[in-house]
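See structure below.
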Amino acid sequence: MGKIRIIYETDIEFVQDNLLDWYKDYGRTFPWRNKSATNYELIISEVFLQRTKAETVSKFLPSFLKQYPSWKQLGEATEVELQEIIKPLGLYKQRGSRLYKLSQELKKRKGRFPKERNQVAEIPMMGQYITNAYELYVLKKKSPLLDVNMARLLERFFGERKLADIRQDPYLQTLAYQVVNIEKSKELNWAILDYASLICKKQKPNCSNCLIHSKCKFFNTKTV
DNA sequence: AATCCGGGGTA
DNA sequence: TACCCAGGATT
């Protein structure tokens, strides 16, 4: 018998309200959060953000976009060129090859993405996370940016996942969709990522100054 | 389900 | 020096 975990709607609203409020004052600003960001810029940013600090990507992105402003220019780049230019970000051989495959696919598609999630997910480099981001940003749907940050915050507050892989864990997936299922879904997604990165950190989380520790499972079961 | 990829920042 | 970073593909 697996333990049944009950998630209270009031607890979800507690998290939503407090983090959205916090975000107004302390949310981070990034190029890809700009209103003017194109779909191209959004997708490229997500590719760079994989296993890479947001601040690092933020600094790197402008020069890349200057060199490759759109899918059209990116489609002219060779695989090795892409590997070389993204070297400072790391994961450059694999990620460069995958970015190249993505660029060639969008060259074929004349820079246009399909509207259906299932078809988007067939495009190389469009895994679960980036497809969620595409839904959130482009299709304006209430999809979670369920990365290691959001997973850590949700797990500490509500309880740990059952499976090792975030992407395979039904509890975490369901919970994430529940939490961001509000009108200001995009802002809340960003709020959660920022809060997890700045307060609910991996190492030495700042629990004493946390706005939601009163109902946090991790905080309230810590042995002092 | 496990493993690989990686340079750069941080403690 | 060890650890971590807005995952995806392959085995």
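Residue numbers begin at 1 in each chain, while the letters A, B, ... track the order of the sequences.
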Could you verify whether a donor N or O on one side chain and an acceptor N or O on the other, from A:R28 and A:S197, lie under 3.5 Å apart?
-> yes

May I have the distance from A:D169 (atom CG) to C:dG7 (atom C1'), rounded to whole angstrom?
-> 16 Å

Separation of atom CG in A:N189 from atom P in C:dA6, rounded to whole Å = 15 Å

From CZ of A:R95 across to P of C:dA6 the rounded distance in Å is 11 Å

Which whole-number value in Å describes the distance from A:L91 CG to B:dC5 C1'?
-> 5 Å

Between A:S70 and A:Q73, is a side chain to side chain donor-acceptor pair (under 3.5 Å) present by the stated rule, with each step listed?
-> CA-CA 6 Å; A:S70 74; A:Q73 286 89 348; 2.3 Å; yes

Is a side-chain N or O of A:N149 found less than 3.5 angstrom from the main chain of A:D194, in a donor-acceptor match?
-> no

Relative to the 5' end of DNA chain C, which residue comes earlier, A:L145 or A:M126, by the nucleotide with the nearest heavy atom?
-> A:L145

N/O donor-acceptor pair under 3.5 Å between A:K110 side chain and A:K107 backbone = no

Are the side chains of A:P205 and A:F218 in touch, meaning some heavy atoms are under 4.5 Å apart?
-> yes

Under the ring-ring contact (aromatic ring centres under 6.0 Å, His included) rule, collect the residues that match up with A:F14, sequence neighbours excluded.
-> none

Atom CD1 of A:I85 and atom C1' of B:dG7 are separated, to the nearest Å, by 15 Å

Quick one: label A:R152 by what it contacts on the DNA or RNA (base, sugar-phosphate, nothing), any heavy atom closer than 4.0 Å.
-> sugar-phosphate

Scan A:I130 against the nucleic acid and name what it touches under 4.0 Å (heavy atoms): base, sugar-phosphate only, or nothing.
-> sugar-phosphate

B:dA11 versus C:dA6 - spacing of their P atoms, nearest Å = 14 Å

Pick the nucleotide of DNA chain B nearest each of A:D165 and A:Y92; which residue has the one closer to the 5' end?
-> A:D165

Which whole-number value in Å describes the distance from A:Q203 CD to C:dC5 P?
-> 8 Å

Separation of C:dA6 atom C1' from A:I43 atom CD1, nearest Å, is 13 Å

Only one of A:E155, A:Q173, A:Q168 forms a side chain to side chain donor-acceptor pair (under 3.5 Å) with A:R161, so which one is it?
-> A:E155

Consider the side chain of A:N149, meaning its heavy atoms from C-beta on, and name the nucleotide among C:dG8, B:dG8, C:dA6 that approaches it most closely.
-> C:dA6

May I ask you to list the residues of residues 46-69 of chain A, by number, that have any heavy atom positioned under 4.0 Å from an atom of DNA chain C?
-> A:L49, A:Q50, A:R51, A:T52, A:K53, A:A54

Sorted by position of nearest nucleotide on DNA chain B, 5' first, the leading residue of A:G90 and A:K204 is A:G90

Minimum-distance nucleotide to A:R98 side chain [options: C:dG7, B:dA2, B:dG8] | C:dG7

Taken to the nearest whole Å, NZ/A:K202 to C1'/C:dA2 is 14 Å

The side chain of A:K101 lies closest to which of these nucleotides: C:dT10, C:dG7, C:dA6?
-> C:dT10

In whole angstrom, give me the gap between the P atoms of C:dT11 and B:dG6.
-> 15 Å

With a non-hydrogen cut-off below 4.0 angstrom, is A:Q128 in contact with a base, only sugar-phosphate, or nothing?
-> sugar-phosphate

Nearest-0.5 Å distance, CE of residue A:M150 to CG of residue A:L193 = 5.0 Å

